[in-house]
Number of protein chains: 2
Amino acid sequence: MPTATDPQLHAFLAAFDDFVRAAKRARVRAAPDDTLTLAQYDLLAPLRHAGDALGLRELARAAGVSAPTATRMLDGLQVRGLVTRERCTDDRRAVRLELTDAGREAVADFHERQAERRRALFAQLEPDERRAAARVLSRLAEAYEGVQG
Amino acid sequence: MPTATDPQLHAFLAAFDDFVRAAKRARVRAAPDDTLTLAQYDLLAPLRHAGDALGLRELARAAGVSAPTATRMLDGLQVRGLVTRERCTDDRRAVRLELTDAGREAVADFHERQAERRRALFAQLEPDERRAAARVLSRLAEAYEGVQG
DNA sequence: TATTGTTATACTCTATAACTATA
DNA sequence: TATAGTTATAGAGTATAACAATA
């Protein structure tokens, strides 16, 4: 059980903070080159590999935003020709969202730029750090699900 | 040199993505309880341990936002009584930002909640993972600085 | 001229509440 | 009644361009 004065905990908290701040600065630096904002990418990303079109609520939940926010965002993305919105024939309450070719390209492009930045990070790690990194990030992701807030 | 098909790289990219998404969901869940938004905390955090008052541009740079954005945000925070803005006597172009008692409490409170969440993550790691985690996060933070975007 | 900060302007992201249409 | 989505409303965060004051 780690205590508040545990030096290992202290190192963890400091490193976590450094990491989050560095990631934010990098994101800001990268943003001007992207067609999509991060929020838009997060909203559309699930459509990239979806065989079927998805509903608005599904996208909103995956992106962690409310349904009205998703509606708003999709309005703009539809006007820009990146996504299509069709009434579902089976259940006429629902809409089916799908990427257009341009939308698919924008999402793929964002994904590739993001992956490229992350590959560059990976390349700077020592071999033993590389092995540890995937494990640590994966375990932290799991741990988040077991935390209230 | 890692290649695009390197399985270790693939695991890293997948874990990175899982981590970022989990962190975002956790942040959203935690947000309603905070007096400050994350952006506001990022802007004010440097004032927490600053002996001297800091200038607006300094805060903006540290938070990764433009000067007009910082002005806007500080307007609101000043109205809420969390921060004071004084013209600097030495250089009358500059302003000196300082936390009020209420502001100091809000920043400390946000910091404590954030640290508590992170302590809970740390507690879920195995002993060997704890040792690795600080190292990995710290090295990734360093690596970000060596990446263009 | 260069720097510090603000104003003007415009757009995106965000939520809650209230609504419509369908099931 | 419950669910899918939208509209109404309001507020925060964001940037660029143009400006004022001071150095």
Side-chain angles (χ1 to χ4, degrees), chain A residues 24-25 27-47 52-80 82-98 106 110, chain B residues 24-25 27-45 52-80 82-98 106 110:
Chain A
K24 185 185 179 187
R25 284 194 296 271
R27 180 86 271 288
V28 169
R29 287 199 298 275
D33 291 336
D34 289 316
T35 309
L36 299 174
T37 64
L38 178 58
Q40 288 165 345
Y41 173 75
D42 284 343
L43 186 67
L44 298 183
L47 291 173
D52 298 333
L54 300 177
L56 182 138
R57 253 169 160 91
E58 254 172 306
L59 293 185
R61 204 175 320 114
V65 297
S66 68
T69 294
T71 293
R72 265 283 181 104
M73 291 175 73
L74 289 167
D75 288 347
L77 294 164
Q78 188 177 6
V79 166
R80 287 171 60 195
L82 300 176
V83 77
T84 59
R85 193 158 20 182
E86 268 180 27
R87 218 72 213 184
C88 180
T89 48
D90 294 3
D91 180 345
R92 296 182 42 73
R93 293 172 303 182
V95 293
R96 296 155 43 82
L97 284 314
E98 235 168 331
F110 190 104
Chain B
K24 185 186 178 184
R25 284 193 297 270
R27 181 85 271 288
V28 169
R29 288 198 299 274
D33 291 335
D34 289 316
T35 308
L36 298 174
T37 65
L38 177 57
Q40 289 166 345
Y41 173 75
D42 284 344
L43 186 67
L44 298 184
D52 298 333
L54 300 177
L56 181 137
R57 249 164 163 95
E58 252 172 308
L59 291 186
R61 204 175 319 115
V65 299
S66 67
T69 294
T71 293
R72 266 279 185 104
M73 291 175 74
L74 289 168
D75 287 347
L77 293 164
Q78 189 178 8
V79 167
R80 288 171 60 195
L82 301 176
V83 78
T84 59
R85 192 157 22 182
E86 269 180 25
R87 218 73 214 184
C88 180
T89 48
D90 294 3
D91 179 345
R92 296 180 43 73
R93 294 172 303 181
V95 293
R96 297 155 44 82
L97 284 314
E98 235 167 330
F110 190 104

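Quick caveat: nothing in here was measured; it's all calculated off a predicted structure.
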Task: Spatial distance of atom CG (A:Leu47) from atom OG1 (A:Thr84) [nearest 0.5 Å] - done: 9.0 Å
Open item on the list: Rounded to whole Å, please give me the gap between CG in A:Asp75 and P in C:dT14.
Closed with: 15 Å
TODO: Could you check whether A:Gly76 gets within reach of a base, just the sugar-phosphate, or nothing at all, counting any heavy atom under 4.0 Å?
DONE: nothing
Task: Presence of B:Arg85 side-chain N/O under 4.0 Å of C:dT6 phosphate oxygens OP1/OP2 - done: yes
TODO: Rounded to the nearest angstrom, tell me the gap between atom CD in B:Glu86 and atom P in C:dT6.
DONE: 13 Å
Task: Nearest heavy atoms of A:Ala70 and A:Ala60, plus distance in Å - done: CB-CB, 3.8 Å
TODO: Using side-chain contact (heavy atoms from CB on, under 4.5 Å) as the criterion, point out the one residue from A:Leu77, A:Thr71, A:Val79 that pairs with A:Asp75.
DONE: A:Thr71
Task: Rounded distance in Å - CG (A:Leu59) to C1' (C:dT14) - done: 17 Å
Open item on the list: In this structure, how many angstroms lie between the C1' atom of D:dA12 and the CG atom of B:Leu36, rounded?
Closed with: 13 Å
- [ ] Let me have a per-nucleotide readout for nucleotides 14-23 of chain D, 5' to 3', with B, S or -, counting only protein heavy atoms under 4.0 Å.
- [x] BBBB---BBS
Task: Separation of A:Leu74 CG from A:Arg85 CZ (nearest 0.5 Å) - done: 5.5 Å
Task: Value in whole Å for how far the C1' atom of C:dG5 lies from CG of B:Leu43 - done: 14 Å
Open item on the list: Please list all pairs meeting side chain to side chain donor-acceptor pair (under 3.5 Å) that have one or both residues in residues 55-68 of chain A, counting only residues at least two apart or in different chains.
Closed with: A:Ser66-A:Thr69
TODO: Find the distance A:Gln78:CD to D:dG5:C1' and express it as a whole number of Å.
DONE: 13 Å
Open item on the list: Taking the basic N atoms (NZ, or NE/NH1/NH2) and the acidic carboxylate oxygens, is any pair closer than 4.0 Å for B:Arg96 and B:Asp91?
Closed with: no
Open item on the list: Would you say A:Gln40 places a side-chain N or O within less than 4.0 Å of OP1 or OP2 belonging to C:dT12?
Closed with: no
- [ ] Whole angstrom is fine here: how far is it from CZ in A:Arg57 over to P in D:dT3?
- [x] 9 Å
TODO: Let me know the distance between CG of A:Leu54 and C1' of D:dG5, rounded to the nearest Å.
DONE: 15 Å
Task: Separation between CG of A:Leu82 and CD of A:Gln40, rounded to the nearest 0.5 Å - done: 8.0 Å
Open item on the list: Please confirm whether the shortest side-chain N or O distance from A:Thr71 to OP1 or OP2 of D:dT7 is below 4.0 Å.
Closed with: no
